[in-house]
Amino acid sequence: MEKRLYGLRGATGAANTKESVQDGVTEMCRRLFAENGIAPQDIVSVHFTQTKDLTALNPAFALRHGDVGIDVSGCALFTSQEADIAGAPAGMIRVLVHAYLADGSSPRHVYINGAERLRPDFVRK
């Protein structure tokens, strides 16, 4: 099977608690990996951003310690602060996963827990 590199996006809303960040990141990534059939060896990198109000837990740490259905211990993970834009919603964690999928795949992006408003065009009913 021929594969090519894709960018898979997702976002979740969270409160500024360790539990909320952990739960949101775990659910978002579990769905993103499962819905796209991603195996650990397919992942090139995972880059999170979080709004400046979220200081309780690093999303990369949350991914490493969450049960997302695959072993991400060998994956390159990175977190940075989201650009502080006037009027942008608070409490958001976004992710960009670079991963190899079958050529011609239709990537499935995951927006949950209030993040649906960021990209309503990606929300599945």
Side-chain angles (χ1 to χ4, degrees):
M1 164 180 39
E2 204 57 38
K3 289 190 173 188
R4 83 167 190 82
L5 187 62
Y6 286 86
L8 306 168
R9 294 177 282 174
T12 184
N16 192 31
T17 67
K18 289 180 180 180
E19 296 78 18
S20 182
V21 172
Q22 182 68 62
D23 292 347
V25 167
T26 299
E27 179 186 2
M28 172 182 61
C29 289
R30 182 184 317 116
R31 287 183 49 187
L32 193 61
F33 298 157
E35 291 179 20
N36 288 285
I38 295 175
Q41 65 271 18
D42 296 327
I43 298 173
V44 174
S45 64
V46 179
H47 184 179
F48 292 98
T49 63
Q50 61 187 19
T51 52
K52 70 178 183 174
D53 58 304
L54 296 178
T55 59
L57 188 66
N58 183 317
F61 181 92
L63 176 57
R64 280 222 197 281
H65 293 88
D67 180 10
V68 295
I70 63 172
D71 179 9
V72 296
S73 61
C75 298
L77 306 180
F78 189 80
T79 302
S80 58
Q81 185 175 314
E82 182 82 22
D84 191 17
I85 306 298
M92 291 291 135
I93 300 168
R94 298 178 196 234
V95 69
L96 174 60
V97 177
H98 293 103
Y100 285 96
L101 302 176
D103 193 20
S105 292
S106 295
R108 297 183 63 104
H109 309 288
V110 174
Y111 286 75
I112 59 172
N113 300 326
E116 297 88 347
R117 64 187 164 174
L118 299 173
R119 289 302 305 261
D121 53 323
F122 286 156
V123 176
R124 291 177 302 282
K125 306 290 187 226

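Remember, it's a predicted structure, so these values are computed and weren't measured experimentally. Along the sequence shown, the residues carry numbers beginning at 1.
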Of all the heavy-atom pairs spanning [X] and [Y], show the shortest one and how long it is.
{"X": "G13", "Y": "A115", "result": "N-CB, 4.1 Å"}
{"X": "R117", "Y": "P89", "result": "NH2-CB, 3.1 Å"}
{"X": "V68", "Y": "C29", "result": "CG1-CB, 4.0 Å"}
{"X": "C75", "Y": "P40", "result": "SG-O, 4.2 Å"}
{"X": "S73", "Y": "R64", "result": "O-NH1, 3.3 Å"}
{"X": "A56", "Y": "K18", "result": "O-CG, 3.5 Å"}

Whether the side chain of [X] engages the backbone of [Y] through a donor-acceptor N/O pair (distance < 3.5 Å, no angle test) should be reported.
{"X": "R9", "Y": "Y111", "value": "no"}
{"X": "D103", "Y": "R4", "value": "no"}
{"X": "Q22", "Y": "A62", "value": "yes"}
{"X": "N36", "Y": "I38", "value": "no"}

Side chain proximity check, [X] to [Y], heavy atoms < 4.5 angstrom:
{"X": "Q41", "Y": "Y100", "value": "no"}
{"X": "L32", "Y": "V110", "value": "yes"}
{"X": "I70", "Y": "I43", "value": "yes"}
{"X": "V72", "Y": "V46", "value": "no"}
{"X": "N113", "Y": "D23", "value": "no"}

(message) For residues 72-98, which residue pairs pass the ring pair (Phe, Tyr, Trp, His ring centres under 6.0 Å) check, not counting sequence neighbours?
(response) H47-F78
Quick check for you: to the nearest 0.5 Å, what is the distance between [X] atom [atom1] and [Y] atom [atom2]?
{"X": "L96", "Y": "S45", "atom1": "CG", "atom2": "OG", "answer": "7.0 Å"}
{"X": "K3", "Y": "S105", "atom1": "NZ", "atom2": "OG", "answer": "9.0 Å"}
{"X": "R31", "Y": "I112", "atom1": "CZ", "atom2": "CD1", "answer": "5.5 Å"}
{"X": "L63", "Y": "I93", "atom1": "CG", "atom2": "CD1", "answer": "11.0 Å"}
{"X": "E35", "Y": "L8", "atom1": "CD", "atom2": "CG", "answer": "10.5 Å"}

(message) Using the side chain to side chain contact (heavy atoms under 4.5 Å, CB included) definition, which of the options Y6, F33, F48 pairs with V97?
(response)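 Testing each of Y6, F33, F48 against V97, the sole residue satisfying side chain to side chain contact (heavy atoms under 4.5 Å, CB included) is F33.
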(request) For a side chain to side chain contact (heavy atoms under 4.5 Å, CB included) with T51, tell me which candidate from Q81, R94, M92 qualifies. (result)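 With T51 as partner, Q81, R94, M92 yield a single side chain to side chain contact (heavy atoms under 4.5 Å, CB included), made by M92.
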(message) For the residue pair T55 / N16, report whether a side-chain donor-acceptor contact shorter than 3.5 Å exists.
(response)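 Checked: N16/T55 side chains pair up, N/O donor to acceptor below 3.5 Å.
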